[in-house]
Q: 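Sharing a structure below in structure tokens format, with a few things to ask.
Excluded from the calculations below are hydrogen atoms, water molecules and symmetry mates; all remaining heavy atoms, backbone and side chain alike, are included. Everything quoted here is computed from the prediction, not taken from an experiment. All chains are named by letter (A, B, ...) in the order of the sequence lines, taking the proteins before the strands, and each is independently numbered beginning at 1.
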There are 2 protein chains.
Amino acid sequence: MCGDSNPWLDATQQRAWRRVAAVIQLLPGALDAPLQRETQLSLFSYMVLAMLSEAPGHTRRMTDLASLTNASLSRLSHVVRRLEAAGWVSRQPSPDDRRATQAVLTPAGWDKVVDAAPVHARSVRELIIDRLSDEQLAQFAEVCQIILDALPCDDRLTALRSPLADRAAP
Amino acid sequence: MCGDSNPWLDATQQRAWRRVAAVIQLLPGALDAPLQRETQLSLFSYMVLAMLSEAPGHTRRMTDLASLTNASLSRLSHVVRRLEAAGWVSRQPSPDDRRATQAVLTPAGWDKVVDAAPVHARSVRELIIDRLSDEQLAQFAEVCQIILDALPCDDRLTALRSPLADRAAP
DNA sequence: GCCATTCGATTGACGCTTCAAGCATGGTCG
DNA sequence: CGACCATGCTTGAAGCGTCAATCGAATGGC
């Protein structure tokens, strides 16, 4: 009657999986909420602006931006349209490749990301970094990297496999 | 706690965060895809059916089900409506509390979850468990627990803070 | 007993993501 | 060249989740 639905995971694996499941389900929302509330920016929109703010000339091709933000090109295109409507980003054709579009951070967009960055950083600290020891954080990061390497090769995560251009403040 | 004067993240923290961000962004989709493709079931729908399959009488109150699946009651309600339309679940008023609704797994729903379980288990193994050593998995689970404990108290995660009724294979 | 409050659940509208086309440009090879 | 396919990006429709509003039922205070 009450048979188990995961016949191939043992108790330890099951427990681990359920915690992982809970985290990947709840953490995005928990990170989104403060940003949304205090800056009217979704986590993803913030990421887009942040990646632009780190780029030379505050400019990136849509494809590169999609890679950096782990998004499909389609998703990015929709979001950039909204960001453009809000005045934070503008689009211009690439001089190199006439198929390509470049997204450019506007001055207003720069102000916005500067406003939002501390809110975002605070969430990341409060929910993750400050809760873990240095060693735990390092282990966590390594496990995440291993999992990323195992993900099926969608075109949207090529950038994740190579080292990121990590920078601190925008 | 939050008293750090530097509002930004340093390079190490930044790198760790970006990996975590990538995982919580990409892992859900990677786990969803095979299930969706091979069983026409989203990960969340599968979770709902699985939690019902483990319940005594294959029955749970909506609120309990929402806790177990880390979902809002609203989300669960929508999903259960679809599952009911598909014939996997039926709803009935609770005899104990006339406000409450009980979701019950139908025989067809049982068959469905039995079909889907191996697909799900395979994904979890391939993407997570098999990639990590026992020690890494244990560390990962512990970090996830710490993060869950730190999440702001939404009503949808009460069950996560207390030990889950973890069950393994029969 | 009565009123206010809380609880359990549902619903509809809205916003966002995905999916499947679609279109133009760029590269490749005969 | 010219046919052909890959690349870069956009678009519209459909599906799903969130939010706010709602409603009946239970609970607590007086």
Side-chain angles (χ1 to χ4, degrees), chain A residues 24-26 28-33 35-37 40-48 59-86 89-104 154-156 158-159, chain B residues 24-26 28-33 35-37 40-48 59-86 89-104 154-156 158-159:
Chain A
I24 64 179
Q25 188 117 40
L26 297 173
L31 289 164
D32 239 310
L35 210 56
Q36 197 83 254
R37 182 163 28 79
Q40 279 69 256
L41 226 45
S42 71
L43 179 58
F44 181 69
S45 296
Y46 169 76
M47 294 282 217
V48 170
T59 297
R60 282 194 205 275
R61 296 178 56 177
M62 293 293 281
T63 301
D64 299 338
L65 203 46
S67 273
L68 287 169
T69 54
N70 314 318
S72 67
L73 205 43
S74 170
R75 178 183 186 186
L76 181 66
S77 183
H78 285 298
V79 169
V80 167
R81 175 165 39 74
R82 289 167 217 144
L83 293 175
E84 192 173 28
V89 168
S90 71
R91 290 189 228 200
Q92 55 188 43
S94 167
D96 305 328
D97 184 336
R98 270 184 300 178
R99 296 170 298 179
T101 304
Q102 288 184 333
V104 188
D154 292 336
D155 39 7
R156 64 224 242 177
T158 43
Chain B
I24 64 179
Q25 187 118 37
L26 297 173
L31 289 164
D32 239 311
L35 210 56
Q36 197 82 255
R37 182 162 28 79
Q40 278 71 254
L41 227 45
S42 72
L43 179 58
F44 181 70
S45 297
Y46 169 77
M47 295 281 218
V48 171
T59 297
R60 281 194 206 274
R61 296 178 56 177
M62 292 293 282
T63 301
D64 299 338
L65 204 46
S67 272
L68 287 168
T69 54
N70 315 317
S72 68
L73 204 44
S74 171
R75 177 182 185 184
L76 181 66
S77 184
H78 286 299
V79 169
V80 168
R81 175 167 37 76
R82 289 166 215 145
L83 292 175
E84 192 174 28
V89 168
S90 72
R91 287 153 142 163
Q92 55 188 42
S94 165
D96 304 328
D97 185 335
R98 271 184 298 177
R99 295 172 297 180
T101 304
Q102 288 184 332
V104 187
D154 292 337
D155 40 8
R156 65 224 243 180
T158 44

Q: Which whole-number value in Å describes the distance from A/D96 CG to C/dG27 P?
A: 11 Å
Q: Could a donor-acceptor pair under 3.5 angstrom be found where the side chain of A/S74 meets the base of C/dC19?
A: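 Looking at the base of C/dC19, it does pair with a donor or acceptor on the side chain of A/S74 (distance under 3.5 Å).
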Q: Which whole-number value in Å describes the distance from A/M62 CE to C/dT25 C1'?
A: 17 Å
Q: Distance alone, cut at 3.5 Å: any donor-acceptor contact between the side chains of A/H78 and A/R75?
A: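 Checked: A/H78/A/R75 side chains show no N/O donor-acceptor pair below 3.5 Å.
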Q: Does any part of the side chain of A/S45, heavy atoms only, come nearer than 4.5 Å to the side chain of A/L83, both counted from C-beta?
A: yes
Q: Using whole Å, report how far CG of A/L73 lies from P of D/dT11.
A: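 It works out to 12 Å between those atoms.
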Q: Can any side-chain N or O of A/D32 pair as donor or acceptor with the backbone N or O of A/S42 at less than 3.5 Å?
A: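 No.
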Q: B/L43 has an atom CG; how far is it from atom P of D/dG17, in whole Å?
A: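 After rounding, the reported distance stands at 11 Å.
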Q: In whole angstrom, what separates B/Q36's CD from C/dT17's P?
A: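 Rounded to whole Å, this separation is 17 Å.
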Q: Round to a whole Å and report the spacing from CG of B/D32 to C1' of D/dC16.
A: 11 Å
Q: If we only count heavy atoms from C-beta on, is the A/S77 to A/R91 side-chain gap below 4.5 Å?
A: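 With C-beta onward as the side chain, the pair touches.
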Q: Return the nearest nucleotide to the side chain of A/D97; candidates are C/dT17, C/dG26, D/dA25.
A: C/dG26
Q: Base, sugar-phosphate or nothing for A/R82? Non-hydrogen atoms, less than 4.0 Å.
A: base
Q: Is the base of C/dT17 touched by the side chain of A/R75 through a donor-acceptor pair closer than 3.5 angstrom?
A: no
Q: Do the side chains of A/L31 and B/I24 get nearer than 4.5 Å, heavy atoms only?
A: yes
Q: Calculate the interatomic distance between B/L76 atom CG and C/dT11 atom C1'; express it in whole Å.
A: 14 Å
Q: Hey, does the side chain of B/R81 come within less than 4.0 Å of D/dC16's phosphate (OP1/OP2), counting only N and O?
A: no
Q: Ignoring hydrogens and geometry beyond distance, is the side chain of B/H78 in donor-acceptor contact with the base of D/dG15 at under 3.5 Å?
A: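 Side chain to base: no pair present.
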Q: Out of C/dG26, D/dT18, C/dT10, which nucleotide sits closest to the side chain of B/R91?
A: C/dT10
Q: Give the rounded distance in Å between these two atoms: CD of A/Q40 and P of C/dG15.
A: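 Computing the A/Q40:CD to C/dG15:P distance gives 14 Å.
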Q: Would you please confirm or rule out a distance under 4.0 Å between OP1 or OP2 of D/dG8 and any side-chain N or O of A/R61?
A: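 Answer is yes, contact under 4.0 Å.
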Q: Within the 4.0 Å heavy-atom criterion, would you say B/T101 contacts the bases, only the backbone, or no part of the nucleic acid?
A: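 Sugar-phosphate, no base atom in range.
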